[in-house]
Amino acid sequence: MSVSPAKRQKTESALQQLKQHTVVVADTGDFNAIEEYKPQDATTNPSLILAAARMPAYQHLLEEAIEHARKLGGTEEEQVTNAMDKLFVIFGLEILKKIPGRVSTEVDARLSFDTDGMIQRALRLIKLYEEAGIKKRRILIKLTSTWEGIQAGKELEQKHGVHCNMTLLFSFAQAVACADAQVTLISPFVGRILDWHKENTDKKSYESSEDPGVVSVSKIYNYYKKFGYKTVVMGASFRNTGEIKALAGCDYLTISPGLLAELSKDSSKVLPALSPKKAQACALQKLPLDEKQFRWLHNEDRMAVEKLSDGIRKFAADAVKLEAMIKDKMLSTKNGK
């Protein structure tokens, strides 16, 4: 017996409705969460990998990465770097077993101002995936959205056919430069923009449609669609389900397991807030942008400057913690032998 659309709407969760308008991506390194919510794609970063690597269930993956690094040899520093790259790829490989789409794997944030360094690290990650039998079309390499990172993304896309996901994106200037570079995907951070406004202004609460992070991503989406850019907009870093529902219709949204759980229990109606048709009617003008203009416009956005530098520092700090964990594990397994 067929169910009427109206009745089906009532029985569908907000998550199921959202998936009809937007590609849902899981923002986690925890395979169990990925299996439960069945997203199209998944994203990871140093903080998520660090959290997952601390779980007892994933210790064998840490040991596998260390064994790989030992076989390659080299100095302790080289072995730690090789183990870290391998660990990121091992997590990516496990995630790919559970999703039909792509996994995002991040280049070390400490290379954020080193274009050549980012390119070389990205190609090393791709090589590790290819050695494991995964073609590069299933991988997105995550790069920091600094000017140097955007140029690395441009070269990886054009010269090497590597798909890139530009992260730590807070300003309109960053978004425009990424589109001009023709990268595959950007991840503008919604929740961290909201955090900054709560900390630095008198306003402490917002309606979802007026949330500064939602407003920022909506503007980027409309600009891309109005001017025919192919770069995918993937809203990221959400603080509540209201932000997510206010961006229904966005190309992709990457969502943490906690908020995926809330959406799966929510039966309220979800309608698309964004669409290419609505974007055509917006009043945005084309913005020509070279490096000097990019640096000036980005610098004019205090929130974006502070959140970008803060994000780089935090990802770098978690990379250092992950390295320390690898060193400890290397030492204990060596002594154990």
Legend entry - NE2-CG distance between H298 and L169, expressed to the nearest 0.5 angstrom: 9.0 Å
Inset, instruction - Please round to the nearest 0.5 Å and tell me the distance separating atom CG of D30 and atom CD of E36. - result: 9.5 Å
Inset, instruction - Mind telling me whether F91 and Y58 have parallel, tilted or perpendicular rings, with 30° and 60° as the class edges? - result: perpendicular
Inset, instruction - May I ask you to decide if the ring planes of F294 and W147 are parallel, tilted or perpendicular, using 30° and 60° as cut-offs? - result: tilted
Salt bridge present between [X] and [Y] (N-O < 4.0 angstrom):
| X | Y | result |
| --- | --- | --- |
| D266 | K245 | yes |
| E63 | K329 | yes |
| E306 | R302 | yes |
| D251 | K230 | no |
| D318 | K314 | no |
| D195 | R192 | no |
| K127 | E131 | yes |

Inset, instruction - Check whether any side-chain N or O of K278 sits under 3.5 Å from a backbone N or O of A273 as a donor-acceptor pair, and report yes or no. - result: yes
Inset, instruction - Give a yes or no on whether the backbone of D85 and the side-chain of R121 come within a donor-acceptor separation of less than 3.5 Å. - result: no
Inset, instruction - Compare all side-chain heavy atoms of V25 with those of M234 and state whether any distance is below 4.5 angstrom. - result: yes
Inset, instruction - May I ask you to check if K136 and Y129 form a cation-pi contact, with NZ or CZ under 6.0 angstrom from the six-membered ring centre and within 45° of the axis? - result: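 Ring-cation test returns no.
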Legend entry - Pair E157-V162, side-chain contact (heavy atoms from CB on, under 4.5 Å): steps then yes or no: CA-CA 5 Å; E157 296 268 3; V162 172; over 6 Å; no
Legend entry - Qualifying salt bridge (Lys or Arg N to Asp or Glu O under 4.0 Å) pairs, either residue in residues 290-299, two or more places apart: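 Residue pairs passing salt bridge (Lys or Arg N to Asp or Glu O under 4.0 Å), neighbours aside: E148-R295, E291-R295.
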